Amino acid sequence: MIVFKNAEDLNQWCKTKKSMGFSVGFVPTMGALHNGHASLIDIARANHDYVVCSIFVNPTQFNEASDFEKYPISIEADKSILHQHDCDVVFIPDVQTVYPNGKEYKLDIELGEIAEVLEGAHRPGHFDGVIQVVKRLLEIVEPNLLYLGLKDYQQYLIIKKMVAHYQMPLEVVGCPIVREADGLAMSSRNRRLTEEERKTALNLSATLHAIENEKETHSPKAYAEIATEKLNAHPLVDVEYFSIVDAENLQEIDAWKEAKTARACVAAWVGKIRLIDNVSI
Ligand code: AMP
């Protein structure tokens, strides 16, 4: 596996491979890799001649300095996971390499309603930072396909919109959420949970998965209210939102039949860790 730290070198490498007719699949991450990330590498591996992964904890998408400072870092373990999954290239840039002209950024794209709800409503500036870094990484790698996890469903929709807006010549693929055996969505943040918090966190996915059996008896809004109340009854849990939305525009629905596909999304603090999860209904 080749390790690049320099943007120009990686750009040249990718350009050369593409000019020879090879395809490049790209998986951007913030490291602290787990099987969720590995599944994206595996999907890219099955579809491309070359797979590029990036590891960069992007400071501009954290709206809380302490969350950024405490973000887990495990580069050597990450490299070993990537190697095991047959990744060809890992890009590990520093902040200066990603932002040679400084981190200031003015969004010149109108994201509209999909960015104003859920994470957008609770993490001011988060998606500006996400767009800034993904746009820059895509300009460096210039992949044929970009692989994203549906764990960050809203991020997936927003990046798709950004790629269309800038008419970037690539496709965006959303990959299924990988869960622990007991249902907890895999996340780099899980490793910061205590044993008790880890057990409690399980209620998030359980509440999402219970929806299918409750559709006959509860409207989306009624279920969301009950679920919020149930989750908040655990002393370690503080729900930021539990919303059942139309999967296309992320607006809350009043009746199940209002949306072709609905998505139930939750964000909650479990102790000092903020977790998100979602399911398709
Ligand atoms: P992150 O390192 O958290 O920025 O995530 C990098 C990519 O991995 C994003 O596209 C995430 O949506 C995806 N990802 C993270 N966790 C999971 C998971 N449990 N299942 C599938 N994809 C995931």
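Note that this is a predicted model, so its numbers are computed, not measured. Along the sequence shown, the residues carry numbers beginning at 1. Whatever order the structure lists ligands and atoms in, that order sets their numbers, starting from 1.
Using modelled atom types and a 3.5 Å distance limit, the side chains of Asp277 and Tyr153 yield no donor-acceptor pair. A side-chain donor from one of Ser23 and His48 sits under 3.5 Å from a side-chain acceptor of the other.
Near ligand 1, Pro28, Thr29, Met30, His34, Gly36, His37, Leu40, Tyr71, Leu148, Gly149, Lys151, Asp152, Pro176, Ile177, Val178, Met186 each place a heavy atom less than 4.0 angstrom from the ligand.
Scanning for ring-ring contact (aromatic ring centres under 6.0 Å, His included) contacts around His126 gives an empty result, with sequence neighbours left out. Under the side chain to side chain donor-acceptor pair (under 3.5 Å) criterion, Trp269 pairs with Glu240, not counting sequence neighbours. Partners of His122 according to the ring-ring contact (aromatic ring centres under 6.0 Å, His included) rule, which considers only residues two or more places apart in sequence or in another chain, are Tyr241.
Phe56 is listed as a side-chain neighbour of Val95, based on a closest heavy-atom distance under 4.5 Å.
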